[in-house]
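Bear in mind the structure is a predicted one, so any value in this text is a computation, not a measurement. In what follows, chains are A, B, ... by sequence order, proteins preceding strands, each numbered from 1. Hydrogens, waters and symmetry mates play no part in the numbers below; they use all other heavy atoms, side chains included.
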Amino acid sequence: MLEKTFDPKTVEPRLYDRWEASGAFSPDARLAQDPNAETFSIVIPPPNVTGSLHIGHALNNTLQDVLTRFERMRGKAALWLPGTDHAGIATQMVVERQLAAEGNIDRRALGREAFLERVWKWKAESGGTITRQLRRLGASCDWSRERFTLDDGLSAAVRKVFLTLYKEGLIYRDKRLVNWDPRFQSAISDLEVQQLEVEGAYYHFAYPYEDGSGEIVVATTRPETMLGDTAVAVHPDDERYQGVIGKMLAHPITGRKIPVVADDYADPEKGSGAVKITPAHDFNDFEVGKRHRLEMINVFDPEARLNDSVPQAFRGLDRFVARQKIVEQMEELGLMRGIEKVRHAVPHGDRSGVVIEPYLTDQWYADAKTLAQPAIKAVETDATVFTPKNWEKTYFEWMRNIEPWCISRQLWWGHRIPAWYDADGLIYVEETEAAALAAAKAKHGRKMELRQDEDVLDTWFSSALWPFSTLGWPEETKDLKRFYPTSVLVTGFDIIFFWVARMMMMGLHFQKEVPFHRVFINALIRDERGQKMSKSKGNVMDPLELVDQFGADALRFTLVAMSGQARDIKLAKQRIEGYRNFGTKLWNAARFCQMNECVRVEGFDPGAVKLTVNRWIVGETVKCARAVTKALEDCAFDDVATTLYRFIWNVFCDWYLELAKPVLNGDDQVARAETRATAAWVLDEMLKLLHPVSPFITEELWAELAAFGGPARATMLISADWPKHPDAWLNADAEAEMGWLIELVSEVRSIRSEMNVPPAARAPLVLVGAGADTKVRLARHRELITTLARLSEVKEAETAPQGSAPFSIGEATAALSIAEFIDLAAEKARLQKEIAGHANDADRTRKKLDNPDFIARAPDEVVEENRERLAEAEAAQAKLESALIRLESVA
RNA sequence: GGGCGGCUAGCUCAGCGGUAGAGCAACUCGUUUACACCGAGUAGGUCGGGGGUUCGAUCCCCUCGCCGCCCACCA
């Protein structure tokens with residue numbers, strides 16, 4: 001016998017170990033059975049090795065698991081390929097922090113090799129955290145295929161891609177402005193830059209003409225960069241400055257002669273209309289500088305301190321110290337023309353948090369513009385579809401305006417760029433050092449010493465290859481052939497640009513096929529007040545704590561139920577508790593079945609049941625299964641959850657089991673056997689349908705129910721096939737009949753409650769004006785109605801008895817005979833309210849039908865529907881009105 | 001400055017052309033042998049405002065108002 005509640009704590013680890021050990025997470029068994037089995041594949045968005053599972057991971061991975069388990073049950077060779085990302089900067093930071101804590105060791109002091117050894121050691125010790133946590137969620141990943149972005153195979157793929165794109169001219173080296181992070185002393189991509197609003201000021205500086213003929217005023221928020229000014233620009237049509245274009249200015253601090261140039265970039269509306277040009281430290285100025293062949297003076301060192309290109313007094317100063325000093329000096333020189341406080345957006349590194357400098361360096365770039373074209377087309381033609389669809393707009397917006405992708409990073413942890421330089425500075429891009437040496441030898445006719453590029457690739461470079469590199473590319477593996485393109489990618493909108501777009505580009509370029517047919521964008525989880533969860537706010541919900549508290553199934557069900565179209569989810573513990581209760585409800589329904597010996601019957605045919613209740617529940621099960629299947633196919637996760645919730649709780653538990661009780665306790669052996677078998681069958685179907693969402697409780701019940709009298713069963717992973725039912729099992733008659741019964745019972749309950757009839761009191765129900773069908777239904781279900789509505793009897797009569805409370809049901813009137821409980825005033829009020837409701841309905845419908853336009857233009861079935869509605873409302877109104885008159889005559 | 005969302009019962013959200021739904025909360029009953037992590041019932045909404053299209057609009061169009069997110073090099 002089952003306990004009263006499900007105990008996830010003991011059950012979950014036991015079941016997971018059993019699943020994993022069985023090998024059923026891998027598609028290999030299915031493929032061995034049928035090499036041509038249809039495939040389904042998902043590659044996990046690889047979490048950072050440094051990471052631990054947060055609630056967003058829980059959501060993202062739950063959805064993937066739901067889909068994988070569903071497709072596996074449908075008989076597909078389903079692969080969910082797991083793995084982790086080396087997460088360049090993030091991981092390097094973690095280890096650097098460790099070193100600092102250990103005694104202020106700088107990685108540079110340690111040296112590259114020793115440092116990397118430390119990182120690998122750290123990875124070996126702590127890198128498995130998140131995959132262990134995924135197991136606790138129930139994730140049915142194929143761990144035998146687990147990959148890491150820095151493992152040998154993936155590293156080889158990275159080198160191959162780099163070399164190929166280089167040869168194609170799609171990767172190149174260039175000297176231009178990059179977003180420079182002075183803390184990491186590395187370039188970062190546009191996407192890693194965050195604009196933050198900060199307090200700043202416009203400083204208005206006067207630059208005197210060299211010939212002493214006056215001055216020109218310019219404004220800047222960054223005085224320190226003025227040391228690198230090499231021009232002042234004005235708009236060519238700006239009348240104020242017509243005479244001065246081409247004149248030379250004397251730089252106020254360096255004394256350098258700089259020209260006034262005419263350029264469209266200068267906006268006459270802004271400030272004085274003149275703008276200082278610092279080509280080496282501003283993206284716009286860089287362009288202006290190129291147009292006018294201006295000198296590009298880099299004034300910073302890699303840590304953003306002023307370098308030797310500036311006057312002695314400023315050398316070595318931190319940029320912000322220098323800013324203050326420049327301002328002071330300009331004031332002393334009498335060239336300060338004003339300071340205006342302003343809040344403005346300033347670029348910050350998303351990881352380091354420090355202000356980013358546009359900085360002139362040599363970096364490697366990928367020609368994203370070219371790579372993006374097929375990726376745009378693929379989404380335009382629906383080769384890849386986003387769900388929800390509107391994310392495609394975001395994708396297009398970015399892809400159509402894409403900039404060259406800076407792919408080199410001045411870090412140590414990552415894929416080292418496979419480029420070597422000889423003493424002459426010639427570049428050899430090859431997959432291996434040996435190949436580079438050979439190439440150099442061929443070039444020079446003798447052996448050359450080579451130096452490998454110090455930089456590593458942006459972490460997202462290897463992530464971009466993930467859908468095919470993990471499947472064995474560049475080898476032509478069976479996995480690659482079978483599982484690429486993958487079926488669906490489930491990810492968050494925050495990495496559409498970072499990751500999804502780049503996988504599209506790389507996948508299409510190297511595989512000539514999209515990396516995934518569908519991209520499901522899951523929501524962002526916020527706290528119950530809608531705040532973003534963050535450690536500093538102290539509002540983070542730890543998914544593992546929630547699993548401890550409510551069980552993995554409850555958390556999973558909640559996350560699935562809340563995954564609608566909205567872009568964020570407000571998560572409250574109360575919700576999880578509610579869905580934990582749902583699990584308990586199911587558990588107890590199973591317990592009830594067990595107690596009543598509802599055991600699966602081999603060869604049971606749900607299409608052949610005789611009892612109306614059984615025919616009805618079979619039909620409802622079919623409808624539920626179809627709705628769930630459709631919802632899963634459409635990634636309509638909230639529908640999956642609500643459909644199951646309603647069916648299991650509100651249909652199966654609330655009605656079917658209650659209706660089954662009299663039969664299960666009755667003397668009719670045939671009816672009893674049929675009902676037991678039906679209940680067991682429905683329960684099995686429910687377990688299967690719920691399994692993708694709540695795998696633990698369903699698996700446990702699967703085993704428990706089998707153990708009770710039936711044959712032992714293998715795990716659901718192996719033995720449960722997804723429900724598929726013929727149309728013949730649907731039953732409209734039974735549905736209508738049970739609908740009538742439910743309405744009847746509900747009405748009686750409602751009246752009892754409103755009239756305060758004590759629960760123990762049993763009253764007769766009288767049916768007046770029943771048609772033939774109703775008589776049949778009544779005869780068939782008299783016992784059920786009597787029990788469920790707590791009646792003494794149900795009978796027919798010509799008129800409703802004195803002191804009864806009537807209500808309308810179909811063509812008939814039913815009256816609950818409760819004279820001793822009736823409060824005349826209350827009953828009168830009840831009737832009046834009912835009558836008003838029907839009258840209101842009738843009025844509105846009549847008005848509609850009186851409108852000739854409606855009759856002429858509305859579809860026939862809508863008109864017909866309204867005619868019926870009017871007739872019913874009028875009839876119900878009339879019946880209750882006469883009842884009210886009788887009531888008043890009594891009073 | 002561009003772009004994208006949201007505004008529906010006290011709260012969280014479904015519905016997205018044919019007269020408003022769920023869960024939670026509230027209230028009233030209830031120890032009927034699966035379940036009090038339960039059962040039965042009740043109450044609660046001019047679907048953000050204003051226009052328009054339509055026989056008919058919460059649903060489509062325009063507009064305004066809040067709230068949120070993303071992108072953007074403006075001195």
Student: Using atom CG of A/Asp568 as one end and atom P of B/C4 as the other, report the distance to the nearest whole Å.
Tutor: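 Answer to the nearest Å: 18 Å.
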
Student: What residues, two or more places apart in sequence or in another chain, satisfy side-chain hydrogen bond (donor to acceptor under 3.5 Å, both in side chains) together with A/Glu834?
Tutor: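 Per chain and number, A/Glu834 pairs via side-chain hydrogen bond (donor to acceptor under 3.5 Å, both in side chains) with no residue.
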
Student: Identify whether any heavy atom of A/Lys833 sits under 4.0 Å from a base atom; if not, whether one sits that close to sugar-phosphate; answer base, sugar-phosphate or nothing.
Tutor: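 Sugar-phosphate, backbone atoms only, no base.
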
Student: Can you list every side-chain hydrogen bond (donor to acceptor under 3.5 Å, both in side chains) pair that touches residues 857-871 of chain A, not counting sequence neighbours?
Tutor: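 Of all non-adjacent pairs touching residues 857-871 of chain A, none passes side-chain hydrogen bond (donor to acceptor under 3.5 Å, both in side chains).
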
Student: When rounded to the nearest Å, what value does the distance between P atoms of B/G44 and B/A9 take?
Tutor: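 It comes out at 14 Å once rounded to the nearest Å.
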
Student: Whole-Å distance between B/G41 C1' and A/Leu816 CG?
Tutor: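 Interatomic distance, CG of A/Leu816 to C1' of B/G41: 14 Å.
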
Student: Under 4.0 angstrom, heavy atoms only, what part of the nucleic acid is A/Arg591 near: base, sugar-phosphate, or nothing?
Tutor: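 The answer is sugar-phosphate, as A/Arg591 gets under 4.0 Å only of primed atoms, P, OP1 or OP2.
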
Student: Give me the residues of residues 548-560 of chain A where at least one heavy atom lies under 4.0 Å from an atom of RNA chain B, by number, or none.
Tutor: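 Here the set is empty: none.
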
Student: Is the phosphate of B/C4, meaning OP1 or OP2, less than 4.0 Å from a side-chain N or O of A/Lys389?
Tutor: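 Checking A/Lys389 against B/C4: no side-chain N or O falls below 4.0 Å of OP1 or OP2.
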
Student: Do the ring centers of A/Tyr579 and A/Phe550 come within less than 6.0 Å of each other?
Tutor: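 Between A/Tyr579 and A/Phe550, the centre distance exceeds or equals 6.0 Å.
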
Student: Note every stem involving RNA chain B: at least three consecutive Watson-Crick or G-U wobble pairs, i with j then i+1 with j-1, with both distances under 3.5 Å.
Tutor: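 RNA chain B stems, ordered by first number: B:1-7 with B:65-71, B:10-13 with B:21-24, B:26-30 with B:38-42, B:48-52 with B:60-64.
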
Student: Using a heavy-atom cut-off of 4.0 Å across all strands, would you classify A/Ala266 as base, sugar-phosphate, or nothing?
Tutor: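 Base: the residue A/Ala266, judged by heavy atoms under 4.0 Å, touches a nucleobase.
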
Student: Between A/Arg222 and A/Glu357, does any NZ, NE, NH1 or NH2 come within less than 4.0 Å of an OD or OE carboxylate oxygen?
Tutor: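 Yes.
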
Student: Counting only heavy atoms not in A/Gln832 (residues, nucleotides, ligands), do more than 12 fall under 6.0 Å from its CD?
Tutor: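 Yes, because the 6.0 Å sphere around CD of A/Gln832 holds more than 12 heavy atoms from other groups.
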
Student: Compute whether any side-chain donor of one residue and acceptor of the other, for A/Glu340 and A/His204, lie under 3.5 angstrom apart.
Tutor: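 On atom types as modelled, these side chains qualify, holding a pair under 3.5 Å.
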
Student: Would you mind listing every ring pair (Phe, Tyr, Trp, His ring centres under 6.0 Å) that reaches into residues 259-279 of chain A, with sequence neighbours excluded?
Tutor: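 Qualifying pairs, neighbours excluded: none.
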
Student: Heavy atoms under 4.0 Å, any strand shown: does A/Thr394 hit a base, just sugar-phosphate, or nothing?
Tutor: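 It contacts nothing in the nucleic acid.
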
Student: Over all strands shown, is A/Asp282 touching base, sugar-phosphate only, or nothing at heavy-atom distances under 4.0 angstrom?
Tutor: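 Touches nothing.
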
Student: Classify the nucleic acid contact of A/Lys585 as base, sugar-phosphate or nothing, counting any heavy atom under 4.0 Å across all strands shown.
Tutor: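 Base: the residue A/Lys585, judged by heavy atoms under 4.0 Å, touches a nucleobase.
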
Student: Within the 4.0 Å limit for protein heavy atoms, which parts of nucleotides 17-29 of chain B are touched? Write it as a string from 5' to 3', B for base, S for sugar-phosphate only, - for none.
Tutor: -BB--SSSS----

Student: Between A/Ser750 and B/U42, does any side-chain N or O lie under 4.0 Å from OP1 or OP2?
Tutor: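 Checking A/Ser750 against B/U42: at least one side-chain N or O falls below 4.0 Å of OP1 or OP2.
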
Student: Rounded to the nearest 0.5 Å, what separates atom CG in A/Asp553 from atom CD1 in A/Ile576?
Tutor: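 Result: 13.0 Å between the selected atoms.
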
Student: Which nucleotide, B/A36, B/A40, B/C55, lies nearest any side-chain atom of A/Arg749?
Tutor: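 Closest nucleotide among those given: B/A40.
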
Student: Using a heavy-atom cut-off of under 4.0 Å over every strand shown, decide if A/Tyr202 touches base, sugar-phosphate, or nothing.
Tutor: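 Sugar-phosphate contact only.
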
Student: When you check the gap from the basic side-chain N to the acidic O, do A/Arg846 and A/Asp843 get nearer than 4.0 Å?
Tutor: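 Between A/Asp843 and A/Arg846 there is a salt bridge, with a charged N closer than 4.0 Å to a carboxylate O.
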
Student: Mind calculating the distance between CZ (A/Phe493) and C1' (B/C71) to the nearest angstrom?
Tutor: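 Those two atoms, CZ and C1', are 13 Å apart.
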
Student: RNA chain B: A/Trp655 or A/Arg580, which has the more 5' nearest nucleotide?
Tutor: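 Between the two, 5'-proximity favours A/Arg580.
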
Student: Does a nitrogen or oxygen in the side chain of A/Asn581 sit under 4.0 Å from OP1 or OP2 of B/C38?
Tutor: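 Result: yes.
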
Student: Which class fits the ring pair A/Phe582 and A/Phe557: parallel under 30°, tilted 30 to 60°, perpendicular over 60°?
Tutor: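 A/Phe582 vs A/Phe557 ring planes: tilted.
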
Student: Without decimals, in angstroms, what is the distance between A/Asn401 CG and B/C4 P?
Tutor: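 To the nearest whole Å, that distance equals 13 Å.
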
Student: Suppose you measure atom P in B/C24 against the same atom in B/C38; what distance do you get, rounded to whole Å?
Tutor: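 The answer is 8 Å between these two P atoms.
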
Student: Just how far, in rounded Å, is C1' of B/C69 from CZ of A/Phe497?
Tutor: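 In whole Å, B/C69 C1' lies 12 Å from A/Phe497 CZ.
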
Student: Just checking A/Trp180 against A/Tyr359, ring centres under 6.0 Å apart?
Tutor: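 Ring-ring flag for A/Trp180/A/Tyr359: true, centres closer than 6.0 Å.
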
Student: Mind checking A/Arg752 for me? I need base, sugar-phosphate or nothing, with any heavy atom below 4.0 Å counting as a touch.
Tutor: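 Nothing, no heavy atom under 4.0 Å.
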
Student: When rounded to the nearest Å, what value does the distance between P atoms of B/G56 and B/G18 take?
Tutor: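 Result for the P pair: 15 Å, nearest Å.
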
Student: Does some side-chain heavy atom of A/Asn179 sit less than 4.5 Å from a side-chain heavy atom of A/Glu192?
Tutor: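 A/Glu192 vs A/Asn179: side chains apart.
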
Student: Can you find a donor-acceptor N/O pair under 3.5 angstrom joining the side chain of A/Glu658 to the base of B/A34?
Tutor: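 Yes, the side chain and the base share a sub-3.5 Å donor-acceptor pair.
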
Student: Knowing that exactly one of A/Asp639, A/Asn522, A/Asp638, A/Ile569 qualifies, which makes a side chain to side chain contact (heavy atoms under 4.5 Å, CB included) with A/Ser563?
Tutor: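 The single option meeting the side chain to side chain contact (heavy atoms under 4.5 Å, CB included) with A/Ser563 is A/Ile569.
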
